[in-house]
Trainee: 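Please read through the structure below; I'll follow up with questions.
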Amino acid sequence: MSKGLPSRSEDYSLWYNELVKRAGLAENSPVRGCMVIKPYGFAIWEKMQQTLDKMFKDTGHSNAYFPLFIPKSFFSKEADHVEGFAKECAVVTHYRLKNDEENGGVTVDPEAKLEEELIVRPTSETVIWDSYKNWIQSYRDLPLLINQWANVVRWEMRTRLFLRTAEFLWQEGHTAHATKDEAIKETEQMLEVYGDFVENFMAVPVIKGTKTENERFAGAVETYCIEAMMQDGRALQAGTSHFLGQNFAKAFDVKFATKEGKEEFVWGTSWGVSTRLMGALIMAHSDDQGLVLPPNLAPTQVVIVPIYKRDEELANISEAAKEIIDGLKAKGISVQFDDRDTHKPGWKFAEYELKGVPVRIAIGPRDMENGTVEVARRDTKEKQTVNRDAVVDHIGSLLDVMQKSIFEKAATFRNENTHTVDTYEEFKEILETRPGFIYAHWDGTSETEEKIKTETKATIRCIPLNSSPEEGKCIYSGKPSKQRVLFAKAY
RNA sequence: CGGGGCGUAGCACAGUCCGGUUAGUGUACCUGGUUUGGGACCAGGGGGUCGCAGGUUCGAAUCCUGCCGCCCCGACCA
């Protein structure tokens with residue numbers, strides 16, 4: 001492990017790339033655009049999965065699994081949907097290889113061409129709605145509340161670890177309802193679940209809103225989203241929840257008999273978060289020393305490093321550590337005792353900082369004499385000496401304090417980098433000098449949105465849900481506007 | 001697909017312009033010893049088809065031609 005990470009101020013994206021690799025989260029794979037998620041990175045993803053999965057179950061959803069491959073014909077049934085995804089689909093055309101007589105190795109067997117080509121799912125609406133047609137007949141079958149954990153493929157031109165890869169992991173919820181109102185409530189509920197998760201577990205503050213027509217999910221009537229700010233001031237979409245109306249029900253002929261005996265199309269939703277959240281987690285909190293993980297998502301919350309010269313010193317320290325470990329485990333805190341003699345304490349300190357372990361306890365001969373330990377918190381790098389018999393309680397509350405403090409720091413940063421402007425000149429000046437979120441009036445047209453994007457690279461991240469109506473003039477066209485929208489450069 | 005850059009040890013790079021001992025440095029790795037409260041030190045050691053294929057030459061990491069791969073900037077996107 002070589003020393004020193006590139007600094008955020010010098011080169012933010014180099015800092016991100018190096019951090020992901022050096023902290024052991026992920027690396028590039030031999031397959032262009034695809035990543036290898038390494039054990040430590042996957043452990044964090046698993047914590048996210050466990051937490052979200054429980055939240056989905058608590059709101060009445062069940063997990064299921066649908067195929068990786070989607071018949072091409074399914075895909076074309078919903079016009080907007082196919083248009084949105086067509087340009088980035090991987091397609092399976094053959095089902096067999098054969099020995100290559102001329103060049104050696106293997107080659108695609110031209111005899112083994114599929115009659116109907118298969119799309120590698122970029123999302124599963126079509127294959128799932130095809131099943132729903134058979135699952136739903138009556139109002140008694142509704143609502144149908146399904147989630148799946150899966151991988152999907154979108155053939156991206158340019159990729160970055162976690163933020164944009166050709167294959168990524170995610171969850172996709174797909175629900176069907178008897179009424180429009182209920183489907184909208186579901187869409188909004190899942191947005192709330194995502195907001196709750198991202199703010200309270202990832203410690204990243206979010207803005208909730210709806211997407212403009214340009215940014216809407218292909219096939220949705222309305223797309224809700226949560227937007228987070230990274231430390232370079234750019235926005236990252238952390239989750240989306242779509243109200244699908246009856247679009248997919250009509251495309252796949254999913255009807256149900258109402259109580260009154262009438263036949264009606266069902267109303268749908270879909271919602272998802274992906275391994276992209278890993279990117280958000282990293283970019284929201286980490287510093288030039290490495291990762292900063294909020295305690296609620298850290299695979300290891302506490303690490304204990306012994307400092308010793310002689311073996312009997314280590315034995316004494318281990319005994320003291322054992323007590324602390326038992327106490328922490330009893331509180332449900334994950335703890336690791338690193339008594340490897342292959343690395344020096346200083347090396348370990350740097351290593352655990354790189355990996356973002358929230359709390360480090362050091363115990364040395366001096367502590368053994370005084371009945372104390374040294375407690376260091378990762379987020380602020382503060383160190384303090386704590387009596388050994390008080391350390392378990394101390395850490396119990398420290399983790400809570402850190403979780404809140406990491407969120408507060410991110411929230412303060414976001415607020416300081418959020419601007420409200422009334423002129424296009426101001427708008428451009430801010431984007432050039434101090435990037436961040438910008439609230440501005442917009443005339444509601446795609447043309448204006450498109451022009452601003454071309455001229456400044458900033459896009460409308462969302463139309464905020466909780467902002468109050470306010471009369472104003474569009475910063476670009478001068479036409480009347482009833483509400484400010486959120487602009488930013490986005491990942 | 002356009003424009004730029006780069007392929008030399010696990011990783012990061014020097015050497016290439018101007019061809020010439022045995023291809024080098026840092027780091028990582030292995031062995032031994034001394035160390036251990038912020039990435040230890042000393043000594044010894046292993047590891048290379050210099051991206052691939054041709055060509056020029058007495059001689060190629062170095063010059064020429066072709067190909068492949070990767071990265072960055074654009075067009076496209078979660």
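All chains are named by letter (A, B, ...) in the order of the sequence lines, taking the proteins before the strands, and each is independently numbered beginning at 1. From a predicted model like this one, the values you see are computed outputs, not experimental measurements.
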Trainee: Write down the distance between CE (M157(A)) and P (rC72(B)), rounded to a whole number of angstrom.
Mentor: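 To the nearest whole Å, that distance equals 14 Å.
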Trainee: What's R340(A) touching, base or sugar-phosphate or nothing? Going by heavy atoms closer than 4.0 Å.
Mentor: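 Nothing, no nucleic acid heavy atom in range.
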Trainee: What is the distance, to the nearest angstrom, from the CZ atom on F349(A) to the P atom on rG37(B)?
Mentor: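 Interatomic distance, CZ of F349(A) to P of rG37(B): 8 Å.
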Trainee: May I have the distance from Y491(A) (atom OH) to rC76(B) (atom P), rounded to whole angstrom?
Mentor: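 The distance from OH of Y491(A) to P of rC76(B) comes to 19 Å, rounded to the nearest Å.
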Trainee: Counting only Watson-Crick pairs (N1-N3 plus N6-O4 or O6-N4) and G-U wobbles (N1-O2, O6-N3), all under 3.5 Å, who is the partner of rU34(B)?
Mentor: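 Partner of rU34(B): rA40(B).
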Trainee: Evaluate the ring planes of H81(A) and F248(A), with Trp represented by its six-membered ring, and classify them as parallel (under 30°), tilted (30 to 60°) or perpendicular (over 60°).
Mentor: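 Geometry flag for F248(A) against H81(A): perpendicular rings.
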Trainee: Pick the nucleotide of RNA chain B nearest each of N17(A) and R216(A); which residue has the one closer to the 5' end?
Mentor: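 This one resolves to N17(A).
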Trainee: Contacts to RNA chain B from residues 160-170 of chain A, heavy-atom cutoff under 4.0 Å, which residues?
Mentor: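 RNA chain B contact set from residues 160-170 of chain A: L163(A), R164(A), T165(A), F168(A).
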Trainee: From NZ of K457(A) over to C1' of rG74(B), roughly how many Å is that when rounded to an integer?
Mentor: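 After rounding, the gap between these two atoms is 8 Å.
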Trainee: Just name whichever nucleotide pairs with rU25(B), Watson-Crick or G-U, keeping both distances under 3.5 Å, else none.
Mentor: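 Check on rU25(B): paired to rA12(B), both distances under 3.5 Å.
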Trainee: Strictly by modelled atom types, are E455(A) and Y424(A) linked by a side-chain donor-acceptor pair under 3.5 Å?
Mentor: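 Y424(A) and E455(A) do have a side-chain donor-acceptor pair below 3.5 Å.
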Trainee: Quick one: which of rG39(B), rA78(B), rG37(B) gets closest to the side chain of A362(A)?
Mentor: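 Nearest to the side-chain atoms of A362(A), counting from C-beta on, is rG37(B).
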Trainee: Looking only at heavy atoms, what is the nearest atom pair of T187(A) and S241(A), with distance?
Mentor: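 T187(A) and S241(A) have their closest heavy atoms at O-OG, 2.7 Å.
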Trainee: In Watson-Crick or G-U wobble terms, both distances under 3.5 Å, what is the partner of rA75(B)?
Mentor: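 Pairing partner: none.
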Trainee: Kindly determine whether W170(A) and E172(A) satisfy side-chain contact (heavy atoms from CB on, under 4.5 Å), including the steps that lead there.
Mentor: CA-CA 7 Å; W170(A) 76 347; E172(A) 46 181 325; 3.4 Å; yes
Trainee: Pairing check on rU62(B): which nucleotide meets the Watson-Crick or G-U wobble criteria with it, both distances under 3.5 Å?
Mentor: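 No nucleotide pairs with rU62(B).
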Trainee: Which is true for E156(A) with a 4.0 Å heavy-atom rule: it touches a base, it touches only sugar-phosphate, or it touches nothing?
Mentor: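 Answer is base: heavy atoms of E156(A) come under 4.0 Å of a base.
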Trainee: Which residue is it: E222(A), H242(A), E227(A)? I am looking for the one with a side chain to side chain donor-acceptor pair (under 3.5 Å) to K211(A).
Mentor: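 The residue from E222(A), H242(A), E227(A) that satisfies side chain to side chain donor-acceptor pair (under 3.5 Å) with K211(A) turns out to be E227(A).
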Trainee: Looking at K381(A), R377(A), R360(A), which one forms a salt bridge (charged side-chain N to carboxylate O under 4.0 Å, His left out) with E353(A)?
Mentor: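 Per the salt bridge (charged side-chain N to carboxylate O under 4.0 Å, His left out) rule, the option paired with E353(A) is R360(A), out of K381(A), R377(A), R360(A).
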Trainee: Report the distance from atom CG of D11(A) to atom P of rC71(B), rounded to the nearest whole Å.
Mentor: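 Answer to the nearest Å: 16 Å.
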Trainee: Report the base-pairing partner of rG69(B) (Watson-Crick or G-U wobble, both distances below 3.5 angstrom), or none.
Mentor: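 When the pairing criteria are applied, rC6(B) turns out to be the nucleotide that pairs with rG69(B).
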Trainee: Return yes if a side-chain donor-acceptor contact under 3.5 Å exists between Y224(A) and E188(A), otherwise no.
Mentor: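 Yes, E188(A) and Y224(A) have a side-chain donor paired with an acceptor closer than 3.5 Å.
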Trainee: Do T459(A) and E449(A) have a side chain donor and acceptor closer than 3.5 Å?
Mentor: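 Side-chain D/A pair, T459(A) to E449(A): absent.
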Trainee: Specify the residue among V31(A) and R360(A) whose closest nucleotide of RNA chain B lies further upstream toward the 5′ end.
Mentor: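 The residue mapped nearer the 5' terminus is R360(A).
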Trainee: Just to confirm, is there a sub-4.0 Å distance from OP1 or OP2 of rA12(B) to any side-chain nitrogen or oxygen of K21(A)?
Mentor: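 No, outside the criterion.
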Trainee: Indicate, with a heavy-atom threshold strictly under 4.0 Å, whether D367(A) touches base, sugar-phosphate, or nothing.
Mentor: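 Base: the residue D367(A), judged by heavy atoms under 4.0 Å, touches a nucleobase.
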Trainee: Using the benzene-type ring in the case of Trp, are the ring centres of F217(A) and F85(A) under 6.0 Å apart?
Mentor: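 Between F217(A) and F85(A), the centre distance is under 6.0 Å.
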Trainee: Quick one: label R32(A) by what it contacts on the DNA or RNA (base, sugar-phosphate, nothing), any heavy atom closer than 4.0 Å.
Mentor: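 Answer is sugar-phosphate: R32(A) comes under 4.0 Å of backbone atoms only.
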Trainee: Only pairs with both distances under 3.5 Å count, Watson-Crick or wobble alike; so what is the partner of rC18(B) in this structure?
Mentor: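 Its partner: none found.
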Trainee: Atom CG of D311(A) to atom P of rU36(B): distance rounded to whole Å?
Mentor: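 Going from D311(A) (CG) to rU36(B) (P), I get 14 Å.
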Trainee: Name every residue in residues 371-386 of chain A that has at least one heavy atom under 4.0 Å from any atom of RNA chain B, in order of residue number, or write none if there are no such residues.
Mentor: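 Contacting residues: E374(A), K383(A).
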Trainee: Does either side chain, that of D11(A) or that of Y16(A), offer a donor lying less than 3.5 Å from an acceptor on the other one?
Mentor: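 Checked: D11(A)/Y16(A) side chains show no N/O donor-acceptor pair below 3.5 Å.
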Trainee: Does a donor on one side chain and an acceptor on the other come within less than 3.5 Å for S13(A) and W15(A)?
Mentor: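 The criterion, which ignores hydrogens and geometry beyond distance, is not satisfied for W15(A) and S13(A).
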Trainee: Separation of I307(A) atom CD1 from rU36(B) atom P, in whole Å?
Mentor: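 These atoms are roughly 12 Å apart.
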Trainee: Would you mind reading off the distance between D339(A) atom CG and rU36(B) atom C1', rounded to a whole angstrom?
Mentor: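 Those two atoms, CG and C1', are 14 Å apart.
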